[in-house]
Amino acid sequence: MDRLKRRVDFLAVASGARMTSPAFVVQRRKREDDGPVRIGFTVSKKVGTATERNRVRRRLRELVKQVGALSMRPHSDYVLVGRRGALHRGFATMLDDLRLALHRLDRPSPERS
RNA sequence: UCAGUCGGCCGGACGGCCGCUCCGGCACCGGCCGAAAGGCCGCCGGGGAGGAAAGUCCGGGCUCCAUCGACAUACGGUGCCGGAUAACAUCCGGCGGGGGCGACCCCAGGGAAAGUGCCACAGAGAACGAACCGCCUGCCUUCGCCCUUUGGGCUUCGGCAGGUAAGGGUGAAAAGGUGCGGUAAGAGCGCACCGCGUCGCCGGCAACGGCAACGGCAUGGCAAACCACACCGGGAGCAAAACCGAAUAGGGACGGCGCAGCGGCUGGUUCGCGCAAGCGAUAACACCGCGAGAUCGUGUCGGAUCUGCCGUCCGGGUAGGUUGCUUGAGGCAAUGUGCAAACAUUGUCCCAGACGAAUGGCCGUCACGCAUCGUCCGUGCAAACGGACAGUGCCCUACAGAACCCGGCUUACAGGCUGGCUGAUAUU
């Protein structure tokens with residue numbers, strides 16, 4: 001599992017499917033190559049001060065680590081956008097949030113297909 | 001013990017599981033790639049946010065650009081004195097002014113007799129020293145009274161002329177202050193003290209202070225208004241900069257074409273003549289002189305650099321990567337010098353280097369704090385207050401996250417530890 005680092009990649013993922021949770025927003029985009037799962041984090045200044053943004057990003061990163069790459073689709077890019085709720089929401093609850101969001105992204109949405 | 005004041009330090013602790021990043025190690029084992037050297041993952045050992053990392057307000061180092069010189073000007077900053085320092089608007093020690101019983105705190109604290117300007121409202125007056133109400137004198141008019149009378153005195157209302165700056169009132173500020181004398185009433189008019197100014201002497205490196213004499217008050221405030229004076233100052237910043245280097249747009253060499261600002265004709269080129277040396281011609285290239293334009297903050301003088309189009313061949317920049325990147329005006333300790341800021345010497349230590357950005361996530365125990373309920377104890381008639389113990393809940397901690405590095409300043413901060421000093425009270 002690699003990290004997303006280029007601005008271009010972030011912009012590309014932003015146009016893909018998304019699921020919203022109280023603590024974060026998950027975005028996904030399928031790539032045309034055979035590379036591994038890549039994941040990026042976005043925490044804007046709207047969330048809070050630098051200290052708070054760091055904390056949000058670290059908790060999101062830990063969530064991804066515990067959920068693991070197996071529950072994500074191969075050769076896809078994911079972006080987690082942090083929200084202010086990620087600061088104080090219970091960690092176990094957030095884990096369930098993320099699993100649910102990934103599951104829903106996997107299920108093809110009716111209006112799309 | 002209470003109240004206060006000035007500093008210094010810390011800013012959760014311990015443990016478990018799972019990770020991130022940097023450095024070192026191949027002594028051990030395993031895996032992958034490679035012909036090898038070696039690299040990567042795993043492994044082993046070690047380091048990993050702050051006192052403000054923040055605001056980016058000053059001062060530097062470092063890097064690049066300008067390093068073009070002189071003079072002038074413009075712009076910006078600083079402004080009691082001495083010291084510290086790489087430097088500063090910082091720090092230390094003084095001086096002066098103001099506040100506090102005091103420890104101590106605060107000060108944008110140079111020049112207003114170089115000039116210009118401003119001083120709202122109120123008030124008579126806000127600066128070539130003013131006169132509203134007053135106070136006083138003289139004359140005139142008027143009301144009344146007294147005195148033994150063609151006069152004099154006192155008094156009421158008012159007018160004119162003059163003298164005043166005591167008092168009232170306005171204001172942020174009113175022309176030295178207080179007291180005594182003096183006077184028609186007053187006034188530095190005179191005197192004493194204080195303040196101010198000038199000069200002299202003494203002390204101090206200096207800011208300044210002390211003493212004495214003289215003057216008789218002249219010089220209102222604002223320079224965070226312009227200004228004058230003294231001193232200082234190039235610009236931009238690690239997204240600086242250096243190196244390696246794609247794809248697409250811009251420079252040097254060669255060829256051609258075209259245009260040349262003028263002149264020189266020095267070299268080359270080409271052409272003509274000649275056996276040759278050479279002579280003559282020649283527009284383009286190079287060179288020299290003058291000139292024009294652009295750039296170097298502005299002006300002057302000087303100076304430097306550059307100055308067509310097309311085709312073919314070679315070198316620079318962007319994306320990306322590496323370096324810069326952490327050993328430094330460094331920390332700690334001791335000793336010495338100094339009132340101190342600080343400096344010197346010796347010893348010792350190596351203490352984050354990320355780049356969509358590591359330094360963490362989850363859990364347990366404990367401490368601390370806050371809230372709430374219960375029990376017990378003390379005071380009290382009671383309401384209530386204080387203390388101790390245990391339970392539960394909350395925050396699982398305030399302010400806040402390195403981004404090239406230092407010295408400061410400013411701002412934010414739950415709570416805790418500790419030292420000096422001051423005042424009050426009590427006891428000895």
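With a glycosidic angle more than 90° from 0, B:G234 adopts the anti conformation. In B:A53 the base sits anti relative to the sugar, since the glycosidic angle is further than 90° from 0. Here B:C128 is in the syn range [glycosidic angle within 90° of 0]. B:G415 has its base anti relative to the sugar, with a glycosidic angle deviating from 0 by more than 90°. Annotated as anti: B:C285, whose O4'-C1'-N torsion sits more than 90° from 0.
Atom P of B:G360 sits at a distance of 43 Å from the matching atom of B:G374, rounded to the whole Å. Here the separation of B:C421 from B:A103, taken at their C1' atoms, is 6 Å to the nearest Å. Using atom C1' as the reference point in both B:A174 and B:A124, the two lie 12 Å apart (nearest Å). Taking atom C1' on both nucleotides, B:A86 is separated from B:C62 by 14 Å, rounded to a whole Å. With C1' as the reference atom, B:C133 and B:G125 are 14 Å apart, rounded to whole Å. Separation of the P atoms belonging to B:A403 and B:G55 is 9 Å when rounded to the nearest angstrom. Nucleotides B:A192 and B:A172 have their P atoms positioned 39 Å apart, rounded to a whole Å. Only the P atoms considered, B:C362 is 15 Å distant from B:A398, to the nearest whole Å.
Listed by residue number, A:Phe41, A:Thr42 are the residues of residues 40-48 of chain A with a heavy-atom contact under 4.0 Å to RNA chain B.
When Watson-Crick and G-U wobble pairs are counted only if both distances are under 3.5 Å, B:C343 pairs with B:G336. With a cut-off of 3.5 Å on both pairing distances, the Watson-Crick or G-U wobble partner of B:C9 is B:G416. As the counterpart of B:A3, B:U422 is assigned, both hydrogen-bonding distances of the Watson-Crick or G-U wobble pattern falling under 3.5 Å. A 3.5 Å limit on both hydrogen-bonding distances identifies B:G264 as the Watson-Crick or G-U partner of B:C287. Across all strands shown, B:U149 forms no Watson-Crick or G-U wobble pair with both key distances under 3.5 Å. Taking a pair to require two hydrogen-bonding distances under 3.5 Å in either a Watson-Crick or a G-U wobble arrangement, B:G162 pairs with B:C136. Look at B:C271: its Watson-Crick or wobble partner, with both distances under 3.5 angstrom, is B:G280. Under the Watson-Crick or G-U wobble criterion, with both distances below 3.5 Å, B:A53 is left unpaired in every strand shown.
Note that the CD atom of A:Gln27 and the CG atom of A:Asp77 stand 11.0 Å from one another [nearest 0.5 Å]. Separation of atoms CG (A:Leu63) and CG (A:Asp96) is listed at 10.5 Å; rounding is to 0.5 Å. Atom-to-atom distance recorded for A:Leu98:CG and A:Leu102:CG is 4.5 Å, nearest 0.5 angstrom.
Residue A:Leu60 contributes atom CG, which lies 12 Å from atom C1' of B:G361 at whole-angstrom precision. Taking atom CZ of residue A:Arg59 and atom C1' of nucleotide B:C363, one finds them 13 Å apart after rounding to whole Å. Here B:A358 presents its C1' atom at 13 Å from NZ of A:Lys65, a figure rounded to the nearest Å.
Close to B:U359, at under 4.0 Å from its OP1 or OP2, lies a side-chain N or O of A:Arg61.
Residue-level contact check: A:Arg53 touches neither bases nor backbone, having no heavy atom under 4.0 Å from any strand.
Residue-to-nucleotide proximity on RNA chain B shows that, of A:Glu52 and A:Arg55, the 5′-proximal contact is made by A:Arg55. Both A:Ala50 and A:Arg57 lie near RNA chain B, and the one whose nearest nucleotide falls closer to the 5' end is A:Arg57.
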Sort me out a list of protein N/O and nucleotides 48-54 of chain B N/O pairs below 3.5 Å, or just none if empty.
none

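Between A:Phe41 and A:Val56 the shortest side-chain heavy-atom distance does not fall below 4.5 Å. The shortest side-chain heavy-atom distance between A:Asp97 and A:Pro22 falls under the 4.5 Å cut-off.
Looking at every heavy atom in both residues, A:Ser21 comes nearest to A:Arg83 through O-NH1, 2.7 Å.
Partner A:Asn54 forms a side-chain hydrogen bond (donor to acceptor under 3.5 Å, both in side chains) with one of A:Arg57, A:Arg58, A:Glu52 and no other, that one being A:Arg57.
Enclosure of atom CZ in A:Arg53 by more than 12 non-hydrogen atoms of other residues, nucleotides or ligands within 6.0 angstrom is indicated.
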List the steps and the verdict of salt bridge (Lys or Arg N to Asp or Glu O under 4.0 Å) for A:Lys65 and A:Glu62.
CA-CA 5 Å; A:Lys65 200 181 87 191; A:Glu62 200 66 20; 2.8 Å; yes

Worked check of side-chain contact (heavy atoms from CB on, under 4.5 Å) between A:Val64 and A:Leu60:
CA-CA 6 Å; A:Val64 170; A:Leu60 292 182; 5.8 Å; no

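Remark: side-chain polar atoms of A:Arg59 are paired, donor with acceptor, to backbone N or O of A:Ala86 under 3.5 angstrom.
Following chains of ILVMFWY side-chain contacts shorter than 4.5 Å, one can reach A:Met19 starting from A:Leu95, so the two form part of one hydrophobic cluster.
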